[in-house]
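Before any comments, here is the structure.
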Amino acid sequence: MSVNDSIKNKALAKEASPVPPSSTNFASDPHMHFVEETGKWTYTSEDGNTWEYNEEQQQWCQMDEEVLLKLQQLAYSVPGVDESEPANPMIREKRKKVFTVDDTDQNGKKKKTNNSQKKKPANTSVYVSGLPPDVTIEELAEVFSKYGVLLEDLNSGGPKIKLYKDDHDRLKGDALVTYFKEESVLLACQLLDETDLRPNEASKIRVQKAQFKEKMPNPSEDTNNTLVKQDKKKVQKKLHQLEK
C-alpha cells in the first residue's frame with residue numbers, strides 16, 4: 001500500500017460543520033489549495049479546520065492531526081529512502097589531493113580560484129502579514145509548527161520567529177517564520193495563506209515565501225579592513241624590533 005493510499009484510508013473521519021462549498025471549480029476559491037504531495041484538494045475553513053476532498057466518495061472529509069503529520073512526513077521524505085530501515089554508518093575515505101598543471105603557478109604554489117558561482121542557501125522562511133497587534137511568538141509557533149519543524153533561535157532557544165516593530169517599538173503586523181526545511185514553506189503557504197489566525201475572530205493573514213534582497217558590498221568596509229591589516233603589520237614590526 002502506498003503512502004497516499006494510507007493517508008486516504010486513515011484520513012479521515014467525521015464531517016463537521018461548516019462543510020466546504022460543493023463547487024467543482026476549486027481553483028477559483030482562495031480557501032482551497034492543491035497539495036502536490038497527496039494529489040488532492042484541501043480547504044481551510046474560517047474556524048481553522050482543514051478539509052480534504054475525497055474524489056471516490058465525492059465529498060469533503062475533515063483532516064485530523066494524524067493526517068497533517070503525514071503531510072509533514074511526505075514533505076520531509078527523500079525519494080528512494082525507506083525511513084523504516086535503520087541508517088548504516090557511512091565510512092568516509094580520505095581523498096588524495098590531485099593538482100593539475102593549471103592548479104599551480106611557476107613557483108609550485110596552488111593558484112587561488114575565484115568561485116563566482118556560489119550556491120545560494122535554501123530559503124526556509126515565510127513572510128506573514130495581516131497579524132493582529134497583540135500577536136505573540138508563542139501563538140505563531142503553535143499555528144505554524146503544524147506544517148513543519150521550526151528552526152531554533154540560537155540566542156533565545158525558542159522558535160526562530162521575528163515580529164517586526166516600528167520606531168516606537170510597536171508591532172507592525174508582520175513577521176518572519178523560519179522552518180528547518182524548505183519543503184515546509186510550500187506546505188504552510190498552501191494551507192495557511194488567506195486564513196484566519198484566530199478562528200473566533202476576523203484575523204485573516206497572508207503567508208508567502210520570504211523574499212530576501214542580496215546584500216551589496218560596502219566599499220568603506222573593505223577600506224576599513226585594509227587599514228586594520230596595515231595597523232597589525234606595524235605593531236608586529238615594532239614587537240620584533242623590541243625583541244632584538
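- Separation of atoms CZ (Arg170) and NE2 (His168) is listed at 5.5 Å; rounding is to 0.5 Å.
- A heavy-atom distance below 4.5 Å is found between the side chains of Thr195 and Leu192.
- Judged by distance alone, with hydrogens and angles left aside, the side-chain atoms of Asp153 form no donor-acceptor pair with the main-chain N or O of Pro159 at under 3.5 Å.
- For the atom pair OG1 (Thr124) and NZ (Lys209), the distance works out to 10.0 Å, reported to the nearest 0.5 Å.
- A side chain to side chain contact (heavy atoms under 4.5 Å, CB included) with Val185 is found for exactly one of Val207, Thr178, Val126, Val177, namely Val126.
- From Leu187, atom CG reaches atom NZ of Lys146 across 12.5 Å, with rounding to the nearest 0.5 Å.
- Considering CD1 of Ile161 and CD of Glu139, their distance stands at 10.5 Å, rounded to 0.5 Å.
- Smallest separation of non-hydrogen atoms from Ala122 and Glu182: CB-OE1, 3.8 Å.
- More than 12 heavy atoms of other residues, nucleotides or ligands sit less than 6.0 Å from atom CD of Gln208.
- Taking 4.5 Å as the limit, some side-chain heavy atom of Ser125 sits within range of a side-chain heavy atom of Phe212.
- Contact detail for Ala141 and Ser145: the closest heavy-atom pair is O-OG, 2.7 Å.
- The shortest distance between side-chain heavy atoms of Asp134 and Leu171 does not fall below 4.5 Å.
- With contacts defined as side-chain heavy-atom distances shorter than 4.5 Å, the pair Lys160/Glu152 does not qualify.
- Between atom CD of residue Glu142 and atom OG1 of residue Thr136 there is a gap of 9.0 Å, rounded to the nearest 0.5 Å.
- Between Asn123 and Ala210, the shortest heavy-atom distance links the atoms ND2-O, 2.6 Å.
- Inter-residue side-chain proximity for Leu150 and Tyr179 is flagged as met; some heavy-atom pair is nearer than 4.5 Å.
- Of the inter-residue distances, the one linking Arg206 atom CZ with Cys189 atom SG reads 9.5 Å to the nearest 0.5 angstrom.
- The two atoms that bring Ala175 and Leu163 nearest to each other are CB-CD2, 3.7 Å, heavy atoms only.
- Taking 4.5 Å as the limit, some side-chain heavy atom of Val128 sits within range of a side-chain heavy atom of Phe144.
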